S.K.: 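Pasting in a structure now, in structure tokens, and then I'll have a few things to ask.
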Amino acid sequence: MTDGGPTLLEPGGTNAVGRMLGILGDEWSLLLLGHSSRGLTRYGEFRRAMPISNSVLTHRLTQLAEHGLLDRRIYRTNPLRAEYLPTARSRTLWPMMLAIWEWERRWTGPAGEALPRRRHDTCGAEFAPLLTCRACGAPVEARDIRAAWGPSGGWERSVPASSTRRRPDSVTVSPQYPQTLEIFGNRWSSALIGAAFRGMVRFSEFESALGAPPTLIAERLRAFCALGVLESRQHARHPGRPEYHLTDKGRAFFPITALSLHWAQKWFVSPEGPALVQTHAACGQDFLAHLACDQCRQPLRTGTITIVPVIEDRTTHEGTA
Ligand SMILES: [Zn+2]
Ligand SMILES: [Zn+2]
């Protein structure tokens with residue numbers, strides 16, 4: 001796989017959304033891509049940077065190379081040594097990674113608060129990324145976007161082809177972004193949050209749209225309520241038939257969804273046309289997800305963001321003479 005253009009998908013097969021979820025809905029792959037974006041390229045470097053077994057690391061590196069997110073290059077032949085370089089495809093994931101960082105930092109309590117801050121070099125301020133419409137520049141939330149399936153759309157084509165049931169190797173670790181992975185690292189979870197963003201609130205709606213077994217839907221709804229992403233409310237006229245509404249924390253996940261969909265449709269193209277067509281209601285243009293700095297409102301660009309070193313214990317530095 002080279003650093004080239006988008007992958008042309010099979011007609012009638014898994015669409016861009018399903019391909020994206022198959023690749024990114026895996027905690028090790030997301031962690032590896034994070035380390036790759038910070039300059040790690042060699043097997044031993046990845047091995048030292050994360051609590052990963054040799055077999056899992058080998059498997060994920062191979063997979064990411066097959067999907068065009070890493071470029072495998074031999075740099076020594078005796079013994080054989082390869083390094084894994086980022087590609088255009090993986091480099092364009094940075095807005096989504098930035099959105100994950102922001103959501104974890106804002107919504108997951110002490111673990112999130114401990115994440116390093118970031119500074120926007122253009123304005124010099126510590127910032128949070130703001131989801132905007134590329135066409136008109138306005139900040140957007142889920143409710144501002146009209147979404148409809150495109151020619152390659154539909155729930156059935158939008159889930160990964162192979163089952164992404166949690167593999168044994170992913171249960172015992174503590175991933176960097178546990179709550180994001182709870183939503184993103186499972187095919188039904190991603191589909192469910194997508195359905196919630198499209199306005200579904202009732203069990204029967206989720207069930208008929210997703211075509212998933214009722215026990216699975218029930219389990220995921222419970223998990224999302226426990227995570228604080230959904231809340232159940234009793235329907236006034238139909239007690240005993242709860243509705244599941246997105247909370248503020250759930251709605252705040254929208255930039256991750258929007259940016260991952262944007263990336264998916266840029267790099268995986270179905271011959272029939274896009275999987276999802278989104279319109280920004282206020283300006284009437286096609287919605288292309290774009291991040292801006294919440295401090296200066298300028299678009300965020302790669303190379304203009306600096307990680308601010310974490311100060312171990314701020315209290316020891318403040319108020320002391
Ligand atoms: Zn707009
Ligand atoms: Zn700024």
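Each ligand, and each atom within it, is numbered from 1 in the order the structure gives. Since the structure is predicted, the reported quantities are computational estimates derived from the model, not experimental observations.
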S.K.: Could you go through the salt bridge (charged side-chain N to carboxylate O under 4.0 Å, His left out) check for R105 and E102 one step at a time?
M.R.: CA-CA 5 Å; R105 203 169 67 94; E102 170 60 15; 3.2 Å; yes
S.K.: Can R157 and E10 be said to form a salt bridge (charged side-chain N to carboxylate O under 4.0 Å, His left out), step by step?
M.R.: CA-CA 11 Å; R157 294 182 64 178; E10 291 290 317; over 6 Å; no
S.K.: Applying the 4.5 Å side-chain criterion to the ILVMFWY set and letting contacts propagate, would L227 and L230 be lumped into a single cluster?
M.R.: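 Cluster IDs for L227 and L230 match.
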S.K.: Would you say W101's side chain and P116's backbone share a donor-acceptor pair under 3.5 angstrom?
M.R.: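 Looks like yes, one N/O pair under 3.5 Å.
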S.K.: Within a radius of less than 6.0 Å around CD of E156, do more than 12 heavy atoms belonging to other residues, nucleotides or ligands occur?
M.R.: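 Not buried by this count: 12 neighbours or fewer within 6.0 Å.
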S.K.: If the Zn ion (ligand 2) is the vertex, what is the angle to SG of C296 and SG of C123, rounded to 10 degrees?
M.R.: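 The angle at the Zn ion (ligand 2) comes to 110°, rounded to the nearest 10°.
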S.K.: I want to verify a count. Protein N, O or S atoms less than 2.8 Å away from the Zn ion (ligand 1), how many are there?
M.R.: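 N, O or S atoms of the protein closer than 2.8 Å: 4.
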S.K.: Write the atom name of the N, O or S atom in H120 that is nearest the Zn ion (ligand 2).
M.R.: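 Atom name returned: ND1.
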S.K.: Are any side-chain N or O atoms of Q265 and backbone N or O atoms of A275, one a donor and one an acceptor, separated by less than 3.5 Å?
M.R.: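 Present.
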S.K.: Verify whether the ring centers belonging to F197 and F254 lie closer than 6.0 Å.
M.R.: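 Distance test on ring centres: under 6.0 Å, yes.
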